S.K.: 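Before we start, here is the structure in question, set down as structure tokens.
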Amino acid sequence: MKARVIANSDLIQRGLSTVLEIDPRAWWRVPVINRRNWQWEDANQATHDGAWWQNAVIYQIAPWSFLDTNGDGKGDLNGIIQKLDYIASLGVDAIWLTPIYESPMEDLGYDITDMLSIGDTFGDREDFQRLLDIAHTMKLKVILDQVWNHTSDQHPWFKESRSSRDNSKADWYVWVDPKPNGDPPNNWLSSFTGGTAWKWEPQREQYYLFNFLESQPDLNWHSEDVVEAILERAKFWLDMGVDGLRIDAVNYFFHDSELRDNPPRPDDAPLPDGVPEDNPLSEQMLKYSFNRPETLEKLEVIRELVDQYPGVFTLGEVALCEDSVAQASQYTQGDKRLNMAYHSGLLVEQPMTAALMRDILQKVIDTFKDGGTCWIVGNHDYGRLRSRWTGKDVNGNPYPDEFYRMMSALLLSLPGAFCLWQGDELGLTVAKIPEEIPKERIKDPFGKMMYPEVVGRDGSRTPMPWTEDEANGGFTAADQPWLPIPQAHLKRSVKNQHQNSRSVLNTWRQLLHWRKNQPALEAGKLDELKATDAILSFQRYYADEKLLCVFNMSDETGHYDLAEYESCSAVTHLGFDFSQEQNQVVLPPYSVFFAQLSDG
């Protein structure tokens, strides 16, 4: 048969074995997901009904850093309401709010004093209900952060618990007698500091457990009263109409009731996920202080509650453990545990290559046999997308904007859900400490405690730069925001990038809106995963649609052979350059090629 290549110029080349049709309208012809009948099969050929969250893109917002409307230098719920048009313009499916509860705000709200009250700095319950209602009119789901592993040491529960050994909440936290010599009861370490995870309380003459900061005492999940109280608070927000619960540090809920020491890490054992090599915690096997099997049973109780609210889901954080991909998949197995969990599969500190991405993706596909995976790159704890993968290629050269444009296409092509951290759609860098955030303005207690060896997490929590034309980037009318906004961020402001069709922001927008019209990406399976030195490729398919996804992950020109395909229709309106030589697609450095495949 004689093949044809139709380019935008209507140029026809003959004598090829593959039909490559360049047609920017190709997406008009793809099948539409029947939401009522969407079903998928797991590895055991069990059939599941599709749900909106399984391939959702979730925009994570730290309200303090989004937009300030009352002039106090900190963002608030009304600021999010004002910017819902912007959020909707991105094409995301949902927003996830970091904690908005009553809190001393020592740790961005992850130190709560009342799980039922909105913190004054954010607004009030009526503001939140208005945000919820308006978001829903714009087809945006709202996910609330739930911090159930610990509270603030200022929480009324802890104040009562620490007051004596015989009060009504005496066992709501983890209290243990000292060793005969007065030392802590075992060798458990704080995941943040690497020091002991035990704090002495003179009133009780006992130690209490804290896995993060000593101002965040761990709740005792072995107490049924604690579990009941937690579920009551979850029900309160579910009754208000939230669409999902993001569950903080879910793998920390249970500790070993026998208080056994964590064993030392063998020399030939891999490092745990999410723990820096220089943290003393990496010298232990994380077996008894958290990551306990007892957690699995309690996940069923959480799921039983949430399943009473149709269309609502749970998203667990499982990022710090021996193998976060394996453990996150365990937390989502079957239909009685969490709906989804995110892991640290992509949080590797080495240059990103096609082979590395293939190996990570293959592991996730093989491990999450029941579905339920969620990807993160940037995050309030783990830095920004722009700082990921060392920020440099295998030759030591800083990644250009083209790399991050390519990675945005790749991340949005992966199976499962994806969390996009505010500001990553702008390509913001992590603010440097002390160059861009002076030492005296560090807010993160982790950074304050460990500086200068560890500078903390403030660098990825700086306020959104809305415009370069106004003071403080248009974020606040106060003299200064709660954290400084780097000058380099102002150059990447929303206003500046909005006017540039090839900006990082508009790349995310274009890809996200295109993705919504691609059933293969919204609900499809993945196969034909391959990698060469430069090129990563795979296919996504759903019903009659088959989408070829090809990524040049190197700084050199790459080639991909189309000879095996009967016919393919290239997608050209996404702003990625490519050309054709005979049966090969030629991709410039860090470019992308999408094409609809057909049988002829």
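Keep in mind that this is a model prediction, so the values were computed, not measured.
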S.K.: Can you tell whether the side chains of K74 and D68 come within less than 4.0 Å, N to carboxylate O?
M.R.: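 Looking at K74 and D68, the cut-off is not met.
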S.K.: Are the side chains of M115 and W157 in contact, using a 4.5 Å heavy-atom criterion?
M.R.: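 Side-chain contact under 4.5 Å: yes.
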S.K.: Give a yes or no on whether a salt bridge exists between E304 and K336, defined as a side-chain N under 4.0 angstrom from a carboxylate O.
M.R.: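 No salt bridge links E304 with K336.
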S.K.: Can you list the residues that meet the ring-ring contact (aromatic ring centres under 6.0 Å, His included) rule with H222, with sequence neighbours excluded?
M.R.: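 Scan of H222 (ring-ring contact (aromatic ring centres under 6.0 Å, His included), adjacent residues dropped) gives F254, H255.
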S.K.: In plain terms, say whether D177 and R165 are close enough for a salt bridge, that is, a side-chain N and a carboxylate O under 4.0 Å apart.
M.R.: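 Looking at R165 together with D177, the answer is yes, because their closest N to O distance falls below 4.0 Å.
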S.K.: Does a salt bridge link K448 with D444, judged by any charged N lying under 4.0 Å from a carboxylate O?
M.R.: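 The answer is no: the pair does not qualify as a salt bridge.
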S.K.: Got a salt bridge between D127 and R130, using NZ or NE/NH1/NH2 to carboxylate O under 4.0 Å?
M.R.: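 The answer is yes: the pair qualifies as a salt bridge.
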S.K.: Please tell me whether Y382 and W421 form a close aromatic pair, meaning their ring centres lie under 6.0 Å apart.
M.R.: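 Ring centroids of Y382 and W421 are no less than 6.0 Å from each other.
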S.K.: Does E283 come within less than 4.0 Å of R265, counting only side-chain N to carboxylate O?
M.R.: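 Between R265 and E283 there is no salt bridge, as every charged N stays at least 4.0 Å from the carboxylate O atoms.
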S.K.: What about the rings of F418 and W375, do their centers lie closer together than 6.0 Å?
M.R.: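 F418 vs W375: aromatic centres not under 6.0 Å.
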S.K.: Can you name the one residue among W64, F66, F475 that meets side chain to side chain contact (heavy atoms under 4.5 Å, CB included) with P463?
M.R.: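 Among W64, F66, F475, the one that satisfies the side chain to side chain contact (heavy atoms under 4.5 Å, CB included) with P463 is F475.
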S.K.: Does NZ or CZ of K443 come closer than 6.0 Å to the centre of the six-membered ring of W482, within 45° of the ring's axis?
M.R.: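 No, a cation-pi geometry is absent between K443 and W482.
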S.K.: Looking only at the aromatic ring of each residue, does the gap between the centers of F253 and H150 stay below 6.0 angstrom?
M.R.: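 For H150 and F253, the ring centres are not under 6.0 Å apart.
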S.K.: Hey, does V250 have a side-chain heavy atom less than 4.5 Å from the side chain of Y252?
M.R.: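 Answer no - side chains too far apart.
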S.K.: Under 3.5 Å, is there a donor-acceptor pair between the T69 and D76 side chains?
M.R.: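 D76 and T69 do have a side-chain donor-acceptor pair below 3.5 Å.
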S.K.: Determine whether V504 and L426 make a side-chain contact, defined as any pair of heavy atoms from C-beta on separated by less than 4.5 Å.
M.R.: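 No, too far: nothing below the 4.5 Å cut-off.
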S.K.: According to ring-ring contact (aromatic ring centres under 6.0 Å, His included), who are the partners of Y404, at least two apart in sequence or on a separate chain?
M.R.: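 For Y404, no residue satisfies ring-ring contact (aromatic ring centres under 6.0 Å, His included) once neighbours in sequence are set aside.
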S.K.: Go through the side-chain N and O atoms of N220 and D171 and say whether any donor and acceptor fall under 3.5 Å apart.
M.R.: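 Note: N220 and D171 side chains miss the donor-acceptor criterion.
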S.K.: Using a strict threshold of under 4.0 Å (side-chain N to carboxylate O), is an ion pair present between R292 and E297?
M.R.: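 No, no charged N to carboxylate O under 4.0 Å.
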S.K.: Any pair with a residue in residues 182-207 that passes ring-ring contact (aromatic ring centres under 6.0 Å, His included), sequence neighbours left out, goes on the list, sorted by first then second residue, please.
M.R.: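 Sorted result for residues 182-207: W188-W198, F192-F212, F192-F446, W200-Y207.
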